[in-house]
Undergrad: 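Provided herewith is a single structure, encoded as structure tokens, for subsequent inquiry.
What's counted below: heavy atoms across the whole structure, side chains too, no hydrogens, waters or symmetry copies. Just so it is clear, the structure is predicted and the values come from calculations on it, not from any experiment.
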Amino acid sequence: MRDNATPSETATAASPHEGEPTQHVANTASQLNWLRAGVLGANDGIVSTAGLVIGVAAATANRGAIFTAGLAGLAAGAMSMAVGEYVSVSTQRDTEKAMLAKERRELHEKPQDELDELAGIYESKGLQPDLAREVAVALTHHDALTAHAEAELGIDPSELTNPWHAAFASMVSFTLGALLPLIAVLNPSHTWRLPGTVVTVLVALALTGYVSARLGGARIGRAVARVVAGGIIAMAVTYAIGRLFGTAIG
């Protein structure tokens, strides 16, 4: 909530602690979403790169071939994550801009209807009609577009999603996650190469599962088990493919 918010505005906002500014709550939620996206990106990097290098390692003991395949997978995955996130968030941003333009036009053409609509929104949230009207009028006089965008659309016009930030964050988190199995599989000992990679990957996945559960308020045990099980399945499948086709082709 803005620093100059009235008591009536405060009464309409839900916050985890009494008197805590809504803007602070919104910023915290935004930061948690970024952190969660980073954790998921790292998880994707770990699983996809681990599956790739283990599949190649099952087919050949040549460290150069394993490293080249892993590095290519890291680069392709990071770029794919970045491009995909950029396109997705750009589409979201374009949609938000279109919705704001429509709201701006309606405020100009039908200000009274928009005021009635805003008052109705606050009334539906539990305010008495007179108080809902008072809040709507005060917010409209202060910043009509922001008031309507937040109440009707759930959008803060000053905090639109940034596709470049999202793309960069996804690329970096994927790369950091992918580096773990890529480095582990380069173990000079052929005997310990695959076991060491598997252990490294499972520990990293357990950590990402733990962090994502804490950020999302989910049950930690279930989240960790789900992530680790998925990693085990992915590595088992790619290892089997490497053994099968590596032997057949070789």
Undergrad: Evaluate the side-chain proximity of Q92 to E96: yes if any heavy-atom separation is below 4.5 Å, no if none is.
TA: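 Yes; the side chains approach each other to less than 4.5 Å.
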Undergrad: Transitively linked via ILVMFWY side-chain contacts under 4.5 Å: V83 with V172?
TA: no
Undergrad: Distance check, rounded to the nearest 0.5 Å: N43 atom CG versus T208 atom OG1?
TA: 4.0 Å
Undergrad: Out of curiosity, L127 CG to R133 CZ, how far, rounded to the nearest 0.5 Å?
TA: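 Result: 13.0 Å between the selected atoms.
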Undergrad: Before you tell me yes or no, could you show the steps for F174 and S80 under side-chain contact (heavy atoms from CB on, under 4.5 Å), namely the whole-Å CA-CA distance, both residues' side-chain angles and the distance that decides it to 0.1 Å?
TA: CA-CA 10 Å; F174 183 95; S80 175; over 6 Å; no
Undergrad: Taking A234's backbone N and O only, do any of them form a donor-acceptor pair with T238's side chain (distance below 3.5 Å, no angle check)?
TA: yes
Undergrad: Minimum heavy-atom separation for I220 to A213, with atom names?
TA: CA-CB, 3.8 Å
Undergrad: Going by the rule salt bridge (charged side-chain N to carboxylate O under 4.0 Å, His left out), which residues pair with D113 if we only count those two or more places apart in sequence or in a different chain?
TA: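 D113 satisfies salt bridge (charged side-chain N to carboxylate O under 4.0 Å, His left out) with no other residue.
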Undergrad: Indicate, with yes or no, if L207 and V199 share a hydrophobic cluster defined by side-chain heavy-atom contacts under 4.5 Å among Ile, Leu, Val, Met, Phe, Trp and Tyr.
TA: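 V199 does not cluster with L207.
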Undergrad: Give me the atom names and distance for the closest heavy-atom approach of S212 to V39.
TA: CB-CG1, 3.9 Å
Undergrad: Membership question, hydrophobic clusters at under 4.5 Å side-chain separation (ILVMFWY): are W192 and I183 in the same one?
TA: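 No, I183 and W192 fall in different hydrophobic clusters.
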Undergrad: Do you know which two heavy atoms are closest between L180 and A204, and how far apart they sit?
TA: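 So the two residues come closest at CD1-CB, 3.6 Å.
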Undergrad: So, for A151 and L118, which heavy atoms are closest and what is the spacing to 0.1 Å?
TA: CB-CD1, 3.6 Å
Undergrad: Atom OG1 in T140, atom CG in L107: separation rounded to 0.5 Å?
TA: 7.5 Å
Undergrad: Could you measure the distance from the OG atom of S170 to the NE2 atom of H165? Nearest 0.5 Å is fine.
TA: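 Separation between the atoms: 12.5 Å.
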Undergrad: How would you list all residue pairs meeting ring pair (Phe, Tyr, Trp, His ring centres under 6.0 Å) that involve residues 62-103, not counting sequence neighbours?
TA: Y86-W164
Undergrad: Over all heavy atoms of both residues, which pair between P157 and A149 is shortest? Give the atoms and the distance, please.
TA: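 That closest heavy-atom pairing would be CG-CB, 4.0 Å.
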Undergrad: Is there a side-chain contact between E150 and I155 (heavy atoms, below 4.5 Å)?
TA: no
Undergrad: Is there a side-chain contact between H148 and E106, using heavy atoms and a 4.5 Å cut-off?
TA: no
Undergrad: Please say which of L194, L186, V185 ends up in a side chain to side chain contact (heavy atoms under 4.5 Å, CB included) with V53.
TA: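 That would be V185; it is the only one of L194, L186, V185 passing the side chain to side chain contact (heavy atoms under 4.5 Å, CB included) with V53.
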Undergrad: Check the pair V198 / L202 against side-chain contact (heavy atoms from CB on, under 4.5 Å), numbers first and verdict last.
TA: CA-CA 6 Å; V198 170; L202 294 183; 3.9 Å; yes
Undergrad: If you define the side chain from C-beta out and look only at heavy atoms, does anything of Y122 sit under 4.5 Å from L131?
TA: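 Side chain of Y122 against side chain of L131, heavy atoms only: no contact under 4.5 Å found.
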Undergrad: If you look at every heavy atom in P195 and T191, which pair is closest and at what distance?
TA: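 In terms of heavy atoms, the two residues are closest at CD-O, 3.5 Å.
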Undergrad: Taking the side chain as everything from C-beta on, heavy atoms only, tell me whether E85 gets closer than 4.5 Å to P163.
TA: no
Undergrad: Going by salt bridge (charged side-chain N to carboxylate O under 4.0 Å, His left out), name the residues that satisfy it together with E152, two or more places apart in sequence or in a different chain.
TA: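 Partners of E152 under the salt bridge (charged side-chain N to carboxylate O under 4.0 Å, His left out) test: none.
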Undergrad: Is L115 isolated, or which residues cluster with it under the ILVMFWY side-chain rule of less than 4.5 Å, directly or via members?
TA: V137
Undergrad: Is there a path of hydrophobic side-chain contacts, each under 4.5 Å between heavy atoms of I/L/V/M/F/W/Y residues, joining L179 to L71?
TA: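 Yes, it is one cluster - the side chains of L71 and L179 are joined through contacts under 4.5 Å.
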Undergrad: With clusters defined by side-chain heavy atoms of hydrophobic residues (ILVMFWY) lying less than 4.5 Å apart, directly or transitively, does L40 cluster with V87?
TA: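 No, V87 does not connect to L40 through the hydrophobic network.
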Undergrad: For a 4.5 angstrom cut-off between non-hydrogen side-chain atoms, does L100 reach L160?
TA: yes
Undergrad: Rounded to the nearest 0.5 Å, what separates atom CD1 in I66 from atom CG in N187?
TA: 10.5 Å
Undergrad: Of all residues at least two apart in sequence or in a different chain, which pass the side chain to side chain contact (heavy atoms under 4.5 Å, CB included) check with V201?
TA: I46, A50, P181, T197, L205, M235
Undergrad: Kindly give the cluster partners of V89, where membership spreads through any ILVMFWY side chain lying under 4.5 Å from a current member.
TA: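 Members other than V89 - counting any ILVMFWY side chain reachable under 4.5 Å - there are none.
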Undergrad: Nearest 0.5 Å, what's the CZ-CD1 distance between R243 and I54?
TA: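 Answer for the CZ-CD1 pair, R243 versus I54, is 13.0 Å.
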Undergrad: Please confirm whether the backbone N or O of D143 pairs with a side-chain atom of T146, one donor and one acceptor, at under 3.5 Å?
TA: no
